[in-house]
Protein chains: 2
Amino acid sequence: MTQLKDGQLRIRDIAEIANVSTGTVDRVLHNRPGVKPETKAQILKILENIDYSPNLMAKTLASKRDTRLVILIPAAKDINSYWSQPLSGVQQAIDELSSFRTVVDIYTFDDFDKDSFTQMTNRILKEKPDGVIFSPVFFDSSSSFIHRLENFEIPYAFIDANLEDCSNVAYFGQDAFRSGYTAGKLMSFGLKSGSILVLKLVNNLPISKHVSDRQDGFCKYMRDNNISDKYQIHDVEIDLKQKDEPYKTLTDFFDKNKMDGIYVPNSKTYRIAEFIEKQKIHKPLIIGYDMLPGNIKYMESGSITFLIGQRPEEQAYKAIKTLFEHIVLHKEVKKLNYSSIDIITEENIEFYKDFKNE
Amino acid sequence: MTQLKDGQLRIRDIAEIANVSTGTVDRVLHNRPGVKPETKAQILKILENIDYSPNLMAKTLASKRDTRLVILIPAAKDINSYWSQPLSGVQQAIDELSSFRTVVDIYTFDDFDKDSFTQMTNRILKEKPDGVIFSPVFFDSSSSFIHRLENFEIPYAFIDANLEDCSNVAYFGQDAFRSGYTAGKLMSFGLKSGSILVLKLVNNLPISKHVSDRQDGFCKYMRDNNISDKYQIHDVEIDLKQKDEPYKTLTDFFDKNKMDGIYVPNSKTYRIAEFIEKQKIHKPLIIGYDMLPGNIKYMESGSITFLIGQRPEEQAYKAIKTLFEHIVLHKEVKKLNYSSIDIITEENIEFYKDFKNE
DNA sequence: ATTAATTTTGTGTGCGCACACATTTTTTTT
DNA sequence: AAAAAAAATGTGTGCGCACACAAAATTAAT
């Protein structure tokens with residue numbers, strides 16, 4: 001009838017201290033109306049001093065309402081799509097949170113189609129979820145979405161891409177510039193001089209900020225270390241949606257040039273590796289991004305030397321878990337969460353594959 | 001009064017199906033005595049078909065008994081001790097599991113003193129915990145410990161080092177051989193030929209299996225890639241406990257030899273980096289292990305080029321969580337859990353520091 | 001056959017909280 | 001001043017489970 005043995009106070013204990021009933025304490029805790037201001041103030045004061053935290057088990061068990069989270073990400077079009085990667089992390093979060101009366105709905109959009117994004121944001125807002133995680137790839141639509149979320153007081157977190165000066169609960173993703181910087185290090189470490197191709201293979205123009213930040217980081221490394229003059233850097237951009245690409249441009253380019261290194265600042269790296277393997281040309285050092293099946297294949301066959309990884313599953317998993325902790329547990333959460341910049345080679349790659357099965 | 005909306009069956013539902021009371025189902029579920037064999041068989045059959053999983057919240061809330069886990073690891077003697085690293089992961093696990101009426105006690109021993117290990121295992125067995133995590137560094141004492149744990153039917157998990165053919169619930173740690181193999185790749189990638197020193201700086205002899213496995217992996221890479229003839233590999237072993245070491249041996253060695261690369265197959269890497277920075281000699285490429293403060297310092301000052309990381313916090317965290325899941329949630333868990341072989345450089349190191357604060 | 005001992009089964013309470021509902025107190029209206 | 005309305009506070013129930021205890025059914029002993 002008194003306190004718990006471990007010193008953890010219950011609502012009943014607070015009520016006793018304040019000389020009120022548990023119902024009144026409950027009202028204050030949940031900011032429900034119908035409490036005399038003085039009483040409320042008194043209870044709040046007690047609450048401050050004792051640092052009450054509700055019993056998560058009892059809370060979940062007694063609660064009738066589900067917490068509904070939404071994650072909005074680009075659709076994974078095929079196995080070699082970057083966005084197929086976070087899904088296992090989402091699933092893991094779903095499994096873990098199901099015990100806590102929390103459901104996670106996955107909404108997808110076409111990342112080449114701004115309208116599909118906007119449409120989905122409208123559908124999500126109609127659902128009035130308790131929290132939203134999304135990748136703000138389209139600046140304008142995202143801004144509008146954010147404003148409406150804030151009007152409804154729906155907390156949100158970013159994944160993959162970040163927007164500055166927002167009231168997002170958290171961001172999970174990589175520092176694109178630094179990942180490029182690291183790639184620069186790796187390139188120069190293995191290749192003391194020569195010609196380098198920065199190859200942007202993209203599905204939609206213009207080049208996304210991610211990709212250009214990576215390139216900037218890559219070049220900055222060379223400048224910071226005063227080795228820019230050791231390399232001839234070529235810059236090629238290919239829209240994979242165009243007919244006969246990337247073969248047309250690549251054939252053309254490699255007819256005229258011999259490359260010692262190639263840096264592909266996105267996950268389409270396997271496309272150039274495939275091309276190089278087919279040619280009877282000097283094999284350049286290739287550095288790219290992400291552990292897609294295609295990239296893994298060409299890493300294992302030796303064409304790709306380094307892949308920069310960023311644990312997309314972990315990003316999604318942590319984003320969901322963190323938003324949950326913020327909303328349900330009222331925990332303080334860290335806003336800026338940079339993923340590690342994993343350097344993956346043929347030799348250590350198998351130890352990065354496991355994350356997906358956890 | 002009927003089923004739950006989400007199709008999840010409760011004890012009461014099972015009782016209804018079996019035409020018995022909840023008490024009887026409870027006895028079967030917990031394998032408590034006092035149930036007529038036929039009744040038990042019938043309920044077990046139903047249980048098989050419906051795949052019952054108890055409501056974790058209600059279970060925890062109603063349970064009176066705490067689950068007690070123990071983790072036994074070497075004491076962290078100073079800030080540059082490897083074993084100070086997992087502690088934050090242990091703490092995180094403690095925090096998370098406290099909601100589930102699960103406590104984790106940390107027991108430490110002196111990893112140069114087998115007796116201190118044995119003593120602790122005795123103390124732990126007296127406590128009769130529900131599960132134990134430990135690092136089986138001393139083979140004989142560990143074997144005996146395992147036998148006694150199995151007699152008491154106490155499940156256990158390994159961390160850092162693994163023992164084959166054991167009934168451990170799980171193992172969390174790195175593949176030492178492959179980490180050395182990866183180090184070999186990095187060394188040869190940046191250093192196409194020259195003289196390499198494999199430097200074992202240890203506090204106690206003989207050299208641990210970990211360290212020799214790493215060295216084996218390192219050399220194997222050179223052989224596998226037919227580049228052994230490009231390098232003159234020197235092998236030096238220094239006991240740091242001896243007077244004037246490592247300076248004496250190192251001074252002696254570097255008076256006679258000039259090294260292009262140094263591979264230190266353990267976390268004492270900062271000791272050689274410190275030595276090298278003080279000398280006015282040619283700066284070799286240094287590859288070592290673990291993100292200890294000392295190593296970070298010399299990485300940031302440019303003396304150490306690569307550190308192989310293994311996320312010790314994550315290892316400890318996951319080991320505890322997994323043992324909990326096995327014991328309390330009766331989940332199937334993966335037995336062999338290799339950590340990633342993280343390649344850390346000056347450029348990406350900051351993104352590996354965060355794990356400790358999570 | 002009756003009672004006692006034993007096995008087997010059933011029932012009730014509480015874990016801490018959310019939330020619906022009941023009661024009391026205060027304020028407003030007539 | 002009494003009645004009605006509103007505000008403030010209190011009480012009770014159930015979430016699903018563990019576990020102590022009560023009751024019934026069976027078996028053993030007299």
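A, B, ... follow the sequence lines: proteins, then strands. Residue 1 opens every chain. Reckoned from all heavy atoms, side chains included, excluding hydrogens, waters and symmetry mates. All figures in this text were calculated on a predicted structure; none of them were measured in a lab.
- Nearest-nucleotide mapping onto DNA chain D: of A:Leu61 and A:Thr22, the residue sitting toward the 5' end is A:Thr22.
- Positionally, the nearest nucleotide of DNA chain D for A:Lys36 lies more toward the 5' end than for the other of A:Lys36 and B:Gly23.
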N/O donor-acceptor pairs under 3.5 Å from side chains in residues 152-166 of chain A, not counting sequence neighbours:
unit_1	atom_1	unit_2	atom_2	d
A:Tyr156	OH	A:Glu150	OE2	2.7
A:Tyr156	OH	A:Ser167	N	3.3

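- Taking 4.0 angstrom as the limit, B:Arg32 places a side-chain polar atom (N or O) nearer than this to OP1 or OP2 of D:dC19.
- Rounded to whole angstrom, the span from the CD1 atom of A:Ile43 across to the C1' atom of D:dT9 amounts to 10 Å.
- Rounded to an integer number of Å, the gap from NZ of A:Lys64 to P of C:dC21 is 11 Å.
- In this structure C:dT30 sits in a base pair with D:dA1, meeting the Watson-Crick or G-U test at under 3.5 Å.
- When the P atom of C:dT9 is taken as reference, atom CD of B:Gln42 falls 10 Å away, rounded to whole Å.
- Both B:Val35 and B:Ala62 lie close to DNA chain C; mapped to their nearest nucleotides by heavy-atom distance, the more 5′-ward contact belongs to B:Val35.
- In this structure, A:Met57 and B:Gly34 both approach DNA chain C, and ranking their closest nucleotides by distance from the 5' end singles out B:Gly34.
- Under 4.0 angstrom from either OP1 or OP2 of D:dC19 there lies no side-chain N or O belonging to B:His30.
- Here the nucleotide nearest the side chain of B:Ser63, chosen from C:dG10, C:dC17, D:dA18, is D:dA18.
- Contact record, B:Tyr317 with B:Ala93: CD1-N, 3.8 Å, taken as the closest heavy-atom pair.
- A:Arg68 places a side-chain N or O within donor-acceptor distance of the main-chain N or O of A:Glu127, the cut-off being under 3.5 Å.
- The distance from atom CZ of B:Arg12 to atom P of D:dC17 is 9 Å, rounded to the nearest whole Å.
- For A:Tyr107, there are no ring-ring contact (aromatic ring centres under 6.0 Å, His included) partners two or more places apart in sequence or in a different chain.
- A donor-acceptor pair is defined here as one N or O able to donate and one able to accept, closer than 3.5 Å; such a pair exists between the side chain of B:His30 and the backbone of B:Asp26.
- A sub-4.0 Å separation between OP1 or OP2 of C:dA18 and a side-chain N or O of A:Lys59 is present.
- In this model, the phosphate group of C:dG10 is approached by a side-chain N or O of B:Thr24 to a distance below 4.0 Å at OP1 or OP2.
- A close approach under 4.0 Å does occur between a side-chain nitrogen or oxygen of B:Thr39 and OP1 or OP2 of C:dT9.
- Summarising the geometry, the separation between CG on B:Leu29 and P on D:dG16 is reported as 15 Å, rounded to the nearest angstrom.
- Rounded to an integer number of Å, the gap from B:Arg101 CZ to C:dG14 C1' is 12 Å.
- Proximity of A:Tyr52 to the phosphate of C:dG16: no side-chain N or O atom is located under 4.0 Å from OP1 or OP2.
- For B:Arg27 against C:dT8, a side-chain-to-base donor-acceptor contact under 3.5 Å is absent.
- For the pair B:Asp13 CG and D:dG16 C1', the interatomic distance rounds to 10 Å; values are reported in whole Å.
- B:Thr60 places a side-chain N or O within donor-acceptor distance of the main-chain N or O of B:Leu56, the cut-off being under 3.5 Å.
- For the pair A:Ile11 CD1 and C:dC15 C1', the interatomic distance rounds to 13 Å; values are reported in whole Å.
- Side chain of A:Ala58, nearest nucleotide from D:dC17, C:dG16, D:dA18: C:dG16.
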